[in-house]
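So the structure is just underneath, and the comments pick up after that.
Chain letters run A, B, ... following the sequence lines, proteins first and then strands; every chain starts at 1. As a basis for the values below, the full set of heavy atoms in this structure was taken, side chains included, without hydrogen atoms, waters or symmetry mates.
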Amino acid sequence: DGGITQSPKYLFRKEGQNVTLSCEQNLNHDAMYWYRQDPGQGLRLIYYSQIVNDFQKGDIAEGYSVSREKKESFPLTVTSAQKNPTAFYLCASSPQVMNTEAFFGQGTRLTVV
Amino acid sequence: DQQVKQNSPSLSVQEGRISILNCDYTNSMFDYFLWYKKYPAEGPTFLISISSIKDKNEDGRFTVFLNKSAKHLSLHIVPSQPGDSAVYFCAAQSGGTYKYIFGTGTRLKVLA
């Protein structure tokens, strides 16, 4: 089955630790995205990548880093510099074609204690 | 600076009636608009979209209307069903970029 896999579903980390969230897709999509969802704030774009080895900052990139070494994978690292890391993180992908929808993974709930 | 706004955080509708969810945007460069449905602790699923060259797109019980002059779009669900209860996000994409800008969401509750 084609789709986007985010792992793990739930993640707990101590404050001050970096943590990496996994996102893998087998849809052969060129573009991939990371969003963060907080109550009452919708989905806010953290980073996106339109092609391998290239990525751009979204609206709330501070405290996050990404890499895009393979077309299928777009891991997100939440660093200790991110002031409010506890959130629901969503990864998405889309073809590199205008006027098409993005497909989302099931999300990772990160809780920092 | 919220480029896509959903000013109603919640909406309750009786089963069988029409649900109307609204979305406003500020960026005139947006040329593609989408609606997603989301259940708690799950990823959003695509519902319906519309290109800026159209003013209406219909898919079964779902219809999206676009008013470019008002920078406003709406999603109509007719008839509403209890299974439609979820959070609905509108999103926009501008030509030349592939990123999607989302609104804050509207929680729809369809009452049986």
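- At most 12 heavy atoms of other shown residues, nucleotides or ligands fall within 6.0 angstrom of atom NZ in B:Lys5.
- Contacts of B:Pro44 with chain A are made by both backbone and side-chain atoms, with heavy-atom separations under 4.5 Å.
- Hydrophobic clustering (side-chain heavy atoms under 4.5 Å, transitive across Ile, Leu, Val, Met, Phe, Trp, Tyr) keeps A:Leu21 apart from A:Leu90.
- Hydrophobic clustering of Ile, Leu, Val, Met, Phe, Trp and Tyr side chains at less than 4.5 Å, counting indirect connections, unites B:Leu21 with B:Tyr25.
- Note: the hydrophobic cluster containing A:Leu11 also contains A:Leu76 (ILVMFWY, side chain heavy atoms under 4.5 Å, direct or indirect links).
- Contacts of A:Leu45 with chain B are made by side-chain atoms alone, with heavy-atom separations under 4.5 Å and no backbone atom involved.
- Follow the hydrophobic side-chain contacts under 4.5 Å out from B:Tyr32 and you reach A:Leu43 in the same cluster.
- Looking at A:Thr100, the atoms closer than 4.5 Å to chain B (heavy atoms on both sides) sit in the backbone and in the side chain alike.
- Checked against a 6.0 Å centroid threshold, the rings of B:Phe102 and A:Tyr35 count as neighbours.
- Of all residues spanning residues 46-72 of chain B, those with a heavy atom less than 4.5 Å away from chain A's heavy atoms are B:Phe46, B:Ser51, arranged by number.
- Between B:Ile101 and A:Asp59 there is a side-chain heavy-atom pair separated by less than 4.5 Å.
- The two atoms that bring A:Gln37 and B:Phe89 nearest to each other are NE2-CZ, 3.7 Å, heavy atoms only.
- Taking the ring centroids of A:Phe104 and B:Tyr36, they lie under the 6.0 Å cut-off.
- Side-chain atoms of A:Tyr33 come within 3.5 Å of backbone N or O of B:Tyr98 as a donor-acceptor pair.
- With a 4.5 Å cut-off on non-hydrogen atoms, A:Gln50 touches chain B through its side chain but not through its backbone.
- Residues A:Phe103 and B:Tyr88 do not share a hydrophobic cluster, clusters being chains of Ile/Leu/Val/Met/Phe/Trp/Tyr side chains in contact below 4.5 Å.
- Ranked by non-hydrogen atom pairs under 4.5 Å with chain A, the options B:Glu42, B:Gln6, B:Gln93 are led by B:Glu42.
- Using a 4.5 Å cut-off between non-hydrogen atoms, the part of residues 103-112 of chain B that approaches chain A consists of B:Gly103, B:Thr104.
- A donor-acceptor contact shorter than 3.5 Å links the side chain of A:Lys9 to the backbone of B:Ala41.
- B:Lys99 has its side chain out of reach of A:Gln56: every pair of non-hydrogen atoms, C-beta onward, lies at least 4.5 Å apart.
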